[in-house]
Amino acid sequence: MRYDLVVFDNDGVLVDSEPISNRLLAGYLTELGHPTTYEDSLRDYMGAAMHRVHDLVRERTGRRLPADFDDVFHRRVFAAFEEDLEAVPGVAALLEKLALDGIPYCVASSGSHERIRVGHRRTGLDRWFDDGRIFSSEDVGRGKPAPDLFLHAAERMGVAPERCVVVEDSPLGVRAAVAAGMDVYGFTAMTPAGKLTGATGLFQDMGELADLLSH
């Protein structure tokens, strides 16, 4: 293994939540008078913290989203997670291999701590992630594409940035990892490879990742 820490994004990398959350986000924004398609949501918000939604809507329209926007959105997302959320295929086997090989890993997500935990409980991934392995954009001042979250995770895990590798599926996340001085492998199951510019390497199936990390 050529890295001392594997840092996973959560949504779209560990749990297959991006289709669910972006469908709901597009629908809710449209309800509020900000017409948004599913494709718009993927383009503008995939991999981002919630403050980006507020910032872009205000920048484009001059209007603020309702004060309870985040709470209402998360209630809808969590309800949908309980019905439909699944782990990304192959990720449980990969986590098991890392654990058996003694390779440190963690998750660093734009989502809230609550969102991460709800998704992990639903999919059974909670067995792989205790509190010491979970980092959220809530823990830092700026979310992706700023490097703050990845640097925070590395510091807390006691590993130098250049000894870390990030697993990401969003352009914002790849930019954040590059800005943090970390290698980053882009997961192309949902995101076209051409949008993950700057990634150290690309892969389409979790079964490929173990080999990429060790060579």
> Between V140 and F135, is any pair of side-chain heavy atoms under 4.5 Å apart?
Replying inline: no
> For atom CD of E86, is the number of surrounding heavy atoms from other residues, nucleotides or ligands below 6.0 Å larger than 12?
Replying inline: no
> If you look at every heavy atom in G198 and V178, which pair is closest and at what distance?
Replying inline: O-CG2, 3.6 Å
> What distance separates R76 CZ from D71 CG, expressed to the nearest 0.5 Å?
Replying inline: 12.5 Å
> Is there a side-chain contact between P104 and D4, using heavy atoms and a 4.5 Å cut-off?
Replying inline: no
>> On a heavy-atom basis, which atom in M46 and which in L42 lie closest, and how many Å separate them?
In response: CB-O, 3.1 Å
> Going only through I, L, V, M, F, W and Y residues with side-chain contacts under 4.5 Å, is there a path from V107 to I20?
Replying inline: yes
>> What verdict does the side-chain contact (heavy atoms from CB on, under 4.5 Å) test give for T36 and L25, after you've listed the backbone C-alpha separation in whole Å, the side-chain angles of each residue and the deciding distance to 0.1 Å?
In response: CA-CA 8 Å; T36 305; L25 180 57; over 6 Å; no
> How far apart are the C-alpha atoms of V53 and L29, what are their side-chain angles, what is the distance that settles it, and do they pass the side-chain contact (heavy atoms from CB on, under 4.5 Å) test?
Replying inline: CA-CA 9 Å; V53 182; L29 288 172; 4.2 Å; yes
>> Side chains of M157 and V7, heavy atoms from C-beta outward: is any pair under 4.5 Å?
In response: no
> Do R133 side-chain atoms and Y105 backbone N/O form a donor-acceptor pair below 3.5 Å?
Replying inline: yes
> Do V15 and N10 come close enough that some side-chain heavy atom pair is under 4.5 Å?
Replying inline: yes
> Can you get from F81 to V72 by hopping between Ile, Leu, Val, Met, Phe, Trp and Tyr side chains that sit under 4.5 Å apart?
Replying inline: yes
>> Let me confirm one number: the CZ-NE2 distance from R64 to H54, rounded to the nearest 0.5 Å.
In response: 10.0 Å
>> For a quick test of reading the model, state the closest non-hydrogen atom pair linking L149 to S136 and the distance between them.
In response: CD1-O, 3.4 Å
> When you look at R115 and S17, which way does the side-chain contact (heavy atoms from CB on, under 4.5 Å) test go after all the steps?
Replying inline: CA-CA 10 Å; R115 177 181 173 129; S17 53; 4.2 Å; yes
> How many angstroms lie between atom CZ of F8 and atom CG of L94, to the nearest 0.5 angstrom?
Replying inline: 4.5 Å
>> Holding to side-chain hydrogen bond (donor to acceptor under 3.5 Å, both in side chains), I want the full list of residues that pass it with H152, two or more places apart in sequence or in another chain.
In response: none
> Can you tell if the side chain of I116 reaches within under 4.5 Å of the side chain of F129, non-hydrogen atoms only?
Replying inline: no
>> For a salt bridge (Lys or Arg N to Asp or Glu O under 4.0 Å) check, start with the C-alpha distance between D40 and R43, then their side-chain angles and the critical distance, and finish with the verdict.
In response: CA-CA 5 Å; D40 293 337; R43 181 193 66 224; 3.3 Å; yes
> So, D169 and T191: side-chain donor and acceptor under 3.5 Å apart, yes or no?
Replying inline: no
>> With clusters defined by side-chain heavy atoms of hydrophobic residues (ILVMFWY) lying less than 4.5 Å apart, directly or transitively, does L95 cluster with I103?
In response: yes
> Do L125 and L98 sit in the same hydrophobic cluster, where Ile, Leu, Val, Met, Phe, Trp and Tyr count as joined when their side-chain heavy atoms come under 4.5 Å apart?
Replying inline: yes
>> Please find the pair of heavy atoms, one from R127 and one from G124, that lie closest to each other, and give the distance.
In response: CG-O, 3.4 Å
>> Please evaluate residues L213 and Y185 with respect to the criterion side-chain contact (heavy atoms from CB on, under 4.5 Å), reporting the C-alpha separation (whole Å), side-chain torsions for both, the decisive distance (0.1 Å), and the verdict.
In response: CA-CA 9 Å; L213 295 178; Y185 285 98; 4.0 Å; yes
> Does the side chain of L32 come within less than 4.5 Å of F69's, by heavy atoms?
Replying inline: yes
> Would you say Y45 and M50 make side-chain contact, with heavy atoms under 4.5 Å?
Replying inline: no
>> Could you measure the distance from the CZ atom of R52 to the NZ atom of K144? Nearest 0.5 Å is fine.
In response: 13.0 Å
>> To check you understand the geometry: which heavy-atom pair defines the closest contact between A146 and A176, and what is its length?
In response: O-CB, 3.4 Å
> How long is the gap from OG on S110 to CD on E138, to the nearest 0.5 Å?
Replying inline: 11.0 Å
> Who pairs with R121 by salt bridge (Lys or Arg N to Asp or Glu O under 4.0 Å), at least two apart in sequence or on another chain?
Replying inline: none
> For the residue pair P171 and L196, what are the closest heavy atoms and their distance?
Replying inline: N-CD2, 3.7 Å
>> Tell me whether D84 is salt-bridged to R122, with the criterion being a basic N under 4.0 Å from an acidic carboxylate O.
In response: no
Donor-acceptor pairs under 3.5 Å, side chain of residues 199-206 to any protein atom, not counting sequence neighbours: which ones?
| unit_1 | atom_1 | unit_2 | atom_2 | d |
| --- | --- | --- | --- | --- |
| T200 | OG1 | V184 | N | 2.9 |
| T200 | OG1 | V184 | O | 3.3 |
| D205 | OD1 | G207 | N | 2.6 |

>> Could you go through H113 and D131, starting from their C-alpha distance and side-chain angles, then the distance that decides it, and tell me whether this counts as side chain to side chain donor-acceptor pair (under 3.5 Å)?
In response: CA-CA 9 Å; H113 279 280; D131 288 349; over 6 Å; no
> Does a side-chain N-to-carboxylate-O contact under 4.0 Å join D139 and R156?
Replying inline: no
>> In the structure I gave you, are the side-chain heavy atoms of D11 and S109 within less than 4.5 Å of one another anywhere?
In response: yes
>> Rounded to the nearest 0.5 Å, what separates atom CG in L85 from atom CZ in F78?
In response: 11.0 Å
